[in-house]
Chemist: 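Provided herewith is a single structure, encoded as structure tokens, for subsequent inquiry.
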Amino acid sequence: MKLRIDQKQLAEAARRAHRRLPNNPLQPMLSGLLLEADAHAVTLSGFDFETATQATLDADTLAPGHALVAGRLLADVTAALPAGPVDLVADERELTLTAPGTTFTLPAMDRRDYPALPVPPAASGVVDGDALAEVVGHAAQAAMSEKEAVGSMTGFGGVHVVAEGDQLVVSASDRYRIVRHTVPWQPDGDAAGELLLPAAGFAVTAKQMASHSVRVSFTEGTNGVAALATDRLTVTSRTLGVDFPDISRFFPDPAAASGWMRADAAELAEAVKRAALVNEKPEQPITLSIDRDEITVRGGVEGTKGASRITAETADLDDFEIAYRPDFLGSLLTPISGLVQMWFTASTKPALLVPVDDDTYRAVCMPVRLT
């Protein structure tokens with residue numbers, strides 16, 4: 001293999017790809033990045049048996065070929081090279097990178113030991129990368145951690161996406177919070193499908209593809225993989241292999257609520273944050289006391305307390321009090337710009353949160369029982 005490529009593009013691709021590699025792989029070759037050059041481009045691939053990342057870069061290729069080298073070392077070396085063109089020359093034993101005044105030689109691994117990369121399913125449609133990154137990043141915060149999402153809870157560790165006509169519905173839940181976003185997309189004909197990917201990895205992938213149009217490939221049959229792709233980057237991931245829990249039935253019906261309040265979402269989020277400053281632990285609840293046109297948010301313990309008051313419009317909530325984990329409630333308020341409306345049934349029942357002027361987002365927050 002012999003080619004010339006821009007240092008900045010190569011370093012950025014190597015940095016992103018090596019971050020997805022396992023730190024302590026069971027098989028040494030999984031710590032490597034595979035470079036494959038054809039007549040006009042070079043593809044940089046990483047794979048950990050769960051996620052395959054493939055970045056395609058323009059290159060002036062003199063001789064096609066391939067090289068498998070340590071991913072972290074390649075990322076460090078390419079970042080250290082001076083800006084400008086970089087020459088790569090590889091054989092079965094080593095990869096040499098040369099820039100003006102600088103040369104690095106990296107040992108090559110045996111390409112024959114590297115596993116075959118998964119083939120992404122056919123694309124089902126296109127979505128705006130910025131919109132996808134925003135909603136997936138937020139939904140991932142409401143998913144269970146990988147450590148908690150085991151056994152029957154596995155589905156709560158993912159972010160679920162399902163196509164409904166010209167909308168993608170993005171959902172997640174950790175059983176204490178539920179979030180549901182909708183974003184427009186352009187399906188290919190009557191394309192339908194769904195995917196359920198591990199939350200943390202999905203958020204990273206979506207963020208990498210922001211500012212681009214993203215092709216979405218849903219799981220086909222029993223192959224167990226889904227993919228997101230731009231013109232230069234393709235990420236194929238193994239799905240969680242379970243059904244996403246049926247969370248629709250947990251959204252409270254506003255018609256059955258005993259009362260509601262309406263307030264500025266940013267002001268409420270800031271009041272929650274201030275009240276939680278005197279809490280001893282992150283999971284310690286704050287209380288919302290609602291009375292006519294005012295909400296008082298209280299935090300702290302005996303001897304150390306804090307309170308913030310904001311104005312609100314309310315209905316049928318005089319002397320109503322309910323408690324939440326501040327980080328949970330705060331995270332659900334984050335996507336809302338302007339007024340938020342919350343419907344309450346009882347201090348022990350979940351509340352529904354929706355933006356007043358936006359029908360693309362709604363959320364549910366479970367309260368903490370007051371002692």
Side-chain angles (χ1 to χ4, degrees), residues 9 11-23 25 30 33-34 43-57 71-72 75 115 117-146 149 154-163 168-172 179 181-186 193-220 223-242 244 335:
Q9 291 186 35
E12 180 65 14
R15 179 184 67 85
R16 289 185 173 184
H18 104 271
R19 286 184 172 180
R20 306 296 291 265
L21 298 178
N23 292 324
L30 294 181
L33 290 177
L34 177 64
T43 300
L44 199 64
S45 303
F47 186 39
D48 64 356
F49 286 122
E50 298 294 330
T51 300
T53 302
Q54 296 173 280
T56 302
L57 310 173
R72 183 177 297 277
L117 298 174
V119 178
S124 300
V126 178
V127 63
D128 178 75
D130 288 331
L132 184 68
E134 182 178 355
V135 299
V136 170
H138 179 254
Q141 298 175 30
M144 273 189 182
S145 68
E146 185 178 347
T154 299
F156 288 104
V159 173
H160 181 247
V161 179
V162 61
L168 291 179
V169 181
V170 181
S171 308
V179 301
H181 294 270
T182 58
V183 291
W185 82 316
Q186 300 172 10
E194 63 180 309
L195 57 83
L196 179 61
L197 294 175
F202 195 178
V204 170
T205 297
K207 185 177 180 179
Q208 288 181 336
M209 296 183 176
S211 302
H212 300 276
S213 293
V214 178
R215 298 187 299 277
V216 181
S217 300
F218 294 118
T219 305
E220 293 180 346
N223 70 350
V225 297
L228 301 177
T230 66
D231 291 338
R232 294 293 184 179
L233 178 66
T234 300
V235 179
T236 306
S237 301
R238 191 177 303 279
T239 59
L240 286 177
V242 298
F244 185 64

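Numbers here simply count residues along the sequence, with the first being 1.
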Chemist: If I compare all heavy atoms of Ala210 with all of Ala133, which pair ends up nearest, and what's the gap?
Modeler: CB-CB, 4.1 Å
Chemist: Is Val225 close to Ser217 at the side-chain level, that is, under 4.5 Å between some pair of heavy atoms?
Modeler: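 With C-beta onward as the side chain, the pair stays apart.
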Chemist: So, do Val161 and Phe202 sit near enough that their side-chain heavy atoms are less than 4.5 Å apart?
Modeler: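 In short, these two side chains touch, coming nearer than 4.5 Å.
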Chemist: Could you check whether the rings of His181 and His138 sit parallel, tilted or perpendicular, using 30° and 60° as the cut-offs?
Modeler: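 The rings of His181 and His138 stand perpendicular, inter-plane angle above 60°.
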Chemist: Are the side chains of Met209 and Val235 in contact, using a 4.5 Å heavy-atom criterion?
Modeler: yes
Chemist: Assess whether side-chain contact (heavy atoms from CB on, under 4.5 Å) is satisfied between Arg238 and Asp48, documenting all intermediate values.
Modeler: CA-CA 10 Å; Arg238 191 177 303 279; Asp48 64 356; over 6 Å; no
Chemist: For a quick test of reading the model, state the closest non-hydrogen atom pair linking Phe244 to Gly158 and the distance between them.
Modeler: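 Reported closest heavy-atom pair: CE1-O, 4.2 Å.
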Chemist: Is the shortest side-chain heavy-atom distance between Pro198 and Leu240 below 4.5 Å?
Modeler: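 Yes. Closest side-chain heavy atoms under 4.5 Å.
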Chemist: Just wondering, do Asp130 and Ser211 contact through their side chains at under 4.5 Å, heavy atoms?
Modeler: yes
Chemist: What's the spacing between Leu44 CG and Glu12 CD if we round to 0.5 Å?
Modeler: 11.5 Å
Chemist: Do you know the tightest heavy-atom contact between Ala172 and Ala139?
Modeler: CB-O, 3.2 Å
Chemist: Between Arg20 and Thr205, does a side-chain contact (heavy atoms from CB on, under 4.5 Å) hold up when you go through it step by step?
Modeler: CA-CA 10 Å; Arg20 306 296 291 265; Thr205 297; 3.0 Å; yes
Chemist: Can you establish whether the number of heavy atoms outside Arg15 located under 6.0 Å from its atom CZ is more than 12?
Modeler: yes
Chemist: Which of these passes side chain to side chain contact (heavy atoms under 4.5 Å, CB included) with His160: Leu195, Leu196, Val170?
Modeler: Leu196
Chemist: Taking the side chain as every heavy atom from C-beta outward, state whether Asp231 and Arg215 have any pair of such atoms under 4.5 Å apart.
Modeler: yes
Chemist: How close do Val127 and Pro184 get, counting heavy atoms only, and between which atoms?
Modeler: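 Taking Val127 first and Pro184 second, the nearest heavy atoms are CG2-O, 3.5 Å.
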Chemist: Within the distance-only criterion (no hydrogens, no angle test), does the side chain of Thr239 pair as donor or acceptor with the backbone N or O of Gly224 below 3.5 angstrom?
Modeler: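 Checked: pair present.
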Chemist: Working to the nearest 0.5 angstrom, can you tell me the gap between Trp185 CH2 and Leu132 CG?
Modeler: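 That separation rounds to 11.0 Å.
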Chemist: With rounding to the nearest 0.5 Å, note down the distance linking OG1 in Thr43 to CG in Leu33.
Modeler: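 It is 12.5 Å, given to the nearest 0.5 Å.
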Chemist: What closest approach, in Å, do Thr234 and Ala229 show between heavy atoms, and which atom pair accounts for it?
Modeler: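 Smallest interatomic distance, heavy atoms only, reads OG1-CB, 3.6 Å.
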Chemist: Evaluate Arg232 against Gln9 for side-chain contact (heavy atoms from CB on, under 4.5 Å), listing each step before the verdict.
Modeler: CA-CA 11 Å; Arg232 294 293 184 179; Gln9 291 186 35; over 6 Å; no
Chemist: Between Leu233, Val214, Thr230, which is the residue that forms a side chain to side chain contact (heavy atoms under 4.5 Å, CB included) with Gln208?
Modeler: Leu233
Chemist: Might you work through the side-chain contact (heavy atoms from CB on, under 4.5 Å) test for His18 and Leu21, ending with a clear yes or no?
Modeler: CA-CA 5 Å; His18 104 271; Leu21 298 178; 4.3 Å; yes
Chemist: Is there side-chain contact between Pro25 and Phe49, with heavy atoms separated by less than 4.5 Å?
Modeler: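 No, their side chains stay 4.5 Å or more apart.
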Chemist: Shortest non-hydrogen contact from Phe156 to Ala149?
Modeler: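 Looking at all heavy atoms of both residues, the shortest contact is C-CB, 4.4 Å.
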Chemist: Working to the nearest 0.5 Å, report the span between CD of Glu194 and CG of Leu168.
Modeler: 12.0 Å
Chemist: State, with a plain yes or no, whether a side-chain heavy atom of Val216 is found less than 4.5 Å away from one of Leu228.
Modeler: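 Contact flag for Val216/Leu228 side chains = yes.
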